[in-house]
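Okay, structure first, notes after.
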Amino acid sequence: MDSVDAVELRRVRLPLVRPFAAAHGTVTEREVVLVRVGDGWGECGALPEPTYTSEYVDGAWEVLRRDLVPRFLDGAALSEVRGHRMAKAALEMAVLDDRLRAEGRSLASWLRATRDRVPAGIALGFGEPVPDEPYHRVKLKIGPGRDVDVVRAAADCGVPLAVDANGSYGREDVERLLGLDDFGLLFVEQPFPADDLVSHAALASRSTTPVCLDESVTSAASAESALAAGACRVVNVKPARVGGLREAVRVIETVVARSGQVWVGGMLETGLGRAANVALAARPDVAMVGDLSPSSRWWSVDLTAPIEMDADGMLPVPAGPGLGVDVLPDVLARFTTSVEVVKRT
Ligand code: MG
């Protein structure tokens, strides 16, 4: 590969087809940080506010332009920078996309994916009805006081159900959460805060519903710790959350080696990040249905050709070189809010 002398950072602000329930209020558009390296594109999963993890759009932009891209251009290790996994994942994605495009190789092939389509799943917000569409799994948002009743209301929908609490329960709620065992759920995701493996282990030891971790797993090492502690049997793998696709593969291999199961989630990504997530989910060791929805669930206009669900509720795995999807220049131009080119000094 030719040496890279400059990296382009770009912010885009895209309209959502439906309001997204952020932790504090709802949002009707999604601002995204993009990274361009040669012909490759990367997408940063960070949300506008630090409400899911500590990363957020302004912070990711700053750490990319000031710390990560200069190190990359100098050939230094990105691991010198602590944390900021979503920003690192975006840079990794762009470099990988550029390299694979030059080689004429698909990301799916690089990831050792074996399927050409993957089942779609949907994560619903509070009060959102189960859609009459062929999803293979429905995940319901729950929280204290809005749990057993929420599940009971959806129990007859005919689609396998799971629940996600985003860490909203406390240790004292273990007994309450055992009430979920009546419903044969696929898993209960992240009932307790990210750093509380002990409560997760306490629930997992008594519950028949498998415990799944999301926010707690930021690396293969933390996945190993969680499994060793008996805190989960299932892991939601989001490449953005764990620092990129390479680490996501390490997480998957770590969990499967300990007889756990994995599925792939997302960060409300455009077609770029969605393409990468779908390719990852097409690996043979990703055994469970993920949160991967078609582009049209969120975007009225996507940055790439939309990734849509077929009549069987399946999403196609992009097969072209690199990410296998191309940024639409007119959409990019219309929705870009700022651009900065970081050059090697
Ligand atoms: Mg989650």
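Every value quoted in this text rests on a predicted model; they were computed, and no experiment measured them. Atoms within a ligand are numbered from 1 in the order they appear, just like the ligands themselves.
Between K238 and E215 there is no salt bridge, since no side-chain N of the basic residue sits under 4.0 Å from a carboxylate O of the acidic one. With salt bridges taken as basic N to acidic carboxylate O contacts below 4.0 Å, one links R176 and D147. With salt bridges taken as basic N to acidic carboxylate O contacts below 4.0 Å, none links E103 and R101.
For the pair R30 and W298, the cation-pi criterion (under 6.0 Å, within 45° of the ring axis) is not fulfilled.
Hydrophobic clustering (side-chain heavy atoms under 4.5 Å, transitive across Ile, Leu, Val, Met, Phe, Trp, Tyr) keeps L140 apart from V289.
Scanning both residues, R152 and F183, for their nearest heavy atoms gives CA-CE2, 3.8 Å.
For the Mg ion (ligand 1), the tally of protein N/O/S atoms lying closer than 2.8 Å stands at 3.
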